[in-house]
Amino acid sequence: MKKLGSMLLAGPYIIWMVLFTIIPLCLILYNAFTNTDGNFTLDNITAITDYVNAKPLFLSLSMSLVVTLTCFLLSFPLALVLSKYSKNKNSIIVMVFILPMWMNFMLRTLAWRLILLNNGFLNKGLGILGFDPVYLMNTKAAVILGTAYDYFPFMLLPIYNALVKIDKDVINAAKDLGATSFVILKRIMLPLSLPGIISGITMVFVPSMSEFVIADMLGGNKVYLIGNVIEQAFNSGYADVHLGSGLSLSLMVLIIISMVIYKLFDKGEGGHGIW
Amino acid sequence: MIQKYTLKFKAISLLTTAALLLASCGKGTEKNATDQIVVFNYGDYIDRSILGQFEKETGIKVVYEEFLTPEAMYTKYKNGTVKYDLICCSDYMVDKMVKEKEVKEIDYNSMENIGNIGDTYWKVSESFDKGHKYNVPYFWGTVGILYNTTMVDKVPESWNDLWDSHYKNNIIMQNSVRDSFIPPLVLDGCSINTTDETSLRKALEALKEQKSLVQSYLVDEVRDDMVNEQAAMAVIYSGEASLASEYNEDLEYVVPEEGSNVWMDSWVIPADGRNYEGAVKFLDFLCRADIAEKNFEYVYYSTPNEAVLDNIDEEEKEEDTAIFPDDNVLDRCEMFTYLGPEAEALYNRLWKELKVY
């Protein structure tokens with residue numbers, strides 16, 4: 001009976017998942033291994049090795065690594081400070097950092113466009129202060145900036161949540177035993193917040209790997225990511241859903257592999273207590 | 001080709017939905033085919049008040065529908081649920097329909113006002129309707145360079161100016177494959193409809209070389225960025241250019257001396273239309289000077305109607321060279337034709353190579 005009850009509770013989501021995850025995945029799988037005539041082919045899978053597809057893939061990979069690192073370097077110190085000063089989980093300071101997420105992300109990206117344009121707010125400000133203008137718009141830097149900005153809360157929140165859960169007595173005990181702040185950070189804060197860091201990294205790295213809208217809006221279509229390649233394969237005048245599905249599949253597999261490697265690596269390190 | 005319409009289409013997508021609703025209503029009244037005509041046109045591409053005027057003058061009811069892209073129009077037309085009496089579409093789609101014998105010959109002799117369409121434009125329409133039997137030109141335009149007079153040292157006259165390193169990071173190109181290949185192909189003396197791989201590869205090399213000078217590849221945002229003075233020069237459609245110079249008077253439009261692309265939207269009468277007489281009457285009505293003028297003021301693209309052109313004072317013509325180009329501009333422009341799947345795949349491949357360069 002108990003089992004039936006929980007089945008019923010999960011029912012709505014299972015229907016949702018079948019409709020919007022399982023069936024689309026099957027469609028992608030089918031399209032990826034067939035050509036326009038409906039015959040079996042591996043061309044769409046091997047297409048990822050073609051340099052017009054491989055180059056954007058590596059660009060996506062390197063850019064999402066930079067984005068993830070930027071987000072981590074920004075959010076870890078901030079989370080440390082926030083967790084120290086805000087005992088209350090729903091504190092207003094934390095809310096301020098999440099506030100931008102209440103706005104549509106397209107609008108926020110458009111706002112960045114207005115800031116970064118050659119005669120945008122940034123350069124107007126620099127001009128008033130007597131500095132030379134910087135031409136960030138339509139560069140990789142602009143895309144990295146926009147992506148890091150958009151995904152920053154996804155890194156901050158899990159790390160913050162992990163840090164506030166650390167018992168203050170543990171830290172006080174370490175202090176009593178003569179540990180310096182650095183040792184406390186290295187031996188207590190970092191290892192104990194690791195689950196938060198991992199979910200933060202996953203939540204930033206994976207979506208920024210397949211990002212294409214920000215590259216469109218801030219990169220002036222000069223920054224061509226794997227997400228753009230796939231989007232074009234589905235949307236352009238010469239749409240090829242089979243190629244698009246094949247590339248999506250390759251990207252999915254690549255992300256799964258990198259997550260598995262990451263998890264293995266993390267277990268090895270954490271398990272031996274290297275921190 | 002499709003992309004030049006996107007801006008307009010986004011704005012009227014709601015209207016289209018309304019039009020679709022209208023279509024379903026239209027079906028009910030199809031029985032009285034001679035009292036009504038069903039017209040199929042691009043979104044927001046007519047002054048709607050003239051529809052009412054036509055109904056009042058002739059007693060023929062106009063059922064008016066809109067579509068987004070020529071491809072969407074073709075699919076819906078082929079579907080056959082609604083029998084259209086008149087369709088307005090772009091050059092290459094008209095080309096396709098003429099070749100597939102999907103259109104009826106138009107009885108020009110019964111049209112009083114057909115003489116208003118200038119000979120030049122009939123000549124242009126020859127490239128998709130040889131011997132002009134099937135089409136009536138509606139609006140047309142060119143592709144050229146929009147430049148900001150305060151940001152360039154000299155007026156650009158040649159596509160070569162888009163390769164001038166002096167304008168590094170100050171050039172906006174079209175983010176669509178056929179349009180962006182116009183400058184290098186024309187400079188090389190090739191047809192913009194070439195399918196020769198060597199010529200296309202050579203054009204690609206030129207575009208790769210140009211990429212470091214290009215600020216961005218845009219479609220809808222070209223106009224806004226030029227109005228906001230983000231760049232000195234941009235490749236743009238004439239209709240967009242004219243609108244841009246309304247917002248910023250420093251902007252001027254030029255069709256480079258080497259030549260460019262010209263496009264034309266024309267009316268055709270589909271083979272399975274039910275009210276041929278009514279359709280011809282409506283076409284004649286559209287060509288009538290007062291109606292054509294009213295419509296031109298609303299749409300504000302280049303009109304092939306000389307009765308309208310004669311009435312516009314010289315000053316306005318000189319001010320807006322995008323909408324009123326010199327007579328010789330058309331002579332150096334070429335129309336796009338449909339290239340077939342193989343050539344399109346090649347273009348697509350080259351486009352990707354440029355993007356990852």
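Numbers restart at 1 for each chain; the letters A, B, ... are given by sequence-line order, proteins then strands.
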Point to revise | Minimal non-hydrogen separation, B:Leu218 against A:Gly220, with atom names | key: CD2-CA, 4.2 Å

Point to revise | Distance in Å, A:Tyr224 OH paired with B:Leu354 CG, rounded so as to fall on 0.5 Å steps | key: 10.0 Å

**Study point:** Neighbour count above 12 (heavy atom, 6.0 Å) for A:Phe131 CZ
**Key:** no

Exercise for review: With rounding to the nearest 0.5 Å, note down the distance linking OH in A:Tyr135 to NZ in B:Lys168.
Suggested key: 12.0 Å

Point to revise | Heavy-atom contact with chain B under 4.5 Å, split by part of A:Val223 | key: neither

Review point. Using non-hydrogen atoms only, which part of A:Asp216 is less than 4.5 Å away from chain B: side chain, backbone, both, or neither?
Key: neither

Check your understanding: Does a side-chain N-to-carboxylate-O contact under 4.0 Å join B:Arg349 and A:Asp50?
Key -> yes

Check your understanding: For residues B:Glu229 and A:Asn119, is any side-chain donor paired with an opposing acceptor at under 3.5 Å?
Key -> no

Practice item. Begin from the C-alpha positions of B:Asp224 and A:Arg113 and carry the test salt bridge (charged side-chain N to carboxylate O under 4.0 Å, His left out) through to its verdict. Key: CA-CA 12 Å; B:Asp224 293 341; A:Arg113 203 176 132 81; over 6 Å; no

Check your understanding: Do any of residues 14-38 of chain A come closer than 4.5 Å to chain B, heavy atom to heavy atom, and if so which ones, in number order?
Key -> none

**Study point:** Spatial distance of atom CG (B:Asn228) from atom CG (A:Asn118) [nearest 0.5 Å]
**Key:** 11.0 Å

Revision key, fill the gap. Scanning both residues in full, the closest heavy-atom pair of A:Val52 with B:Glu353 reads CG1-CG, 3.6 Å

Check your understanding: Looking only at heavy atoms, which of residues 194-215 of chain B get nearer than 4.5 Å to chain A?
Key -> B:Lys211, B:Val214, B:Gln215

**Study point:** Atom of B:Val356, atom of A:Lys55 and distance for their closest heavy-atom approach
**Key:** O-NZ, 2.8 Å

Check your understanding: Under 6.0 Å from the OH atom of B:Tyr74, do we count more than 12 heavy atoms belonging to anything else shown?
Key -> yes

Check your understanding: Is the backbone of B:Ser216 close enough, under 3.5 Å, to the side chain of A:Lys222 for a donor and an acceptor to pair up by distance?
Key -> no

Point to revise | Reported CG-to-CG distance for the pair A:Asp240 and B:Asn348, which is rounded to 0.5 angstrom | key: 8.5 Å

Practice item. Please check if any side-chain donor atom of A:Asn221 sits under 3.5 Å from a side-chain acceptor atom of B:Lys355, or the reverse. Key: no

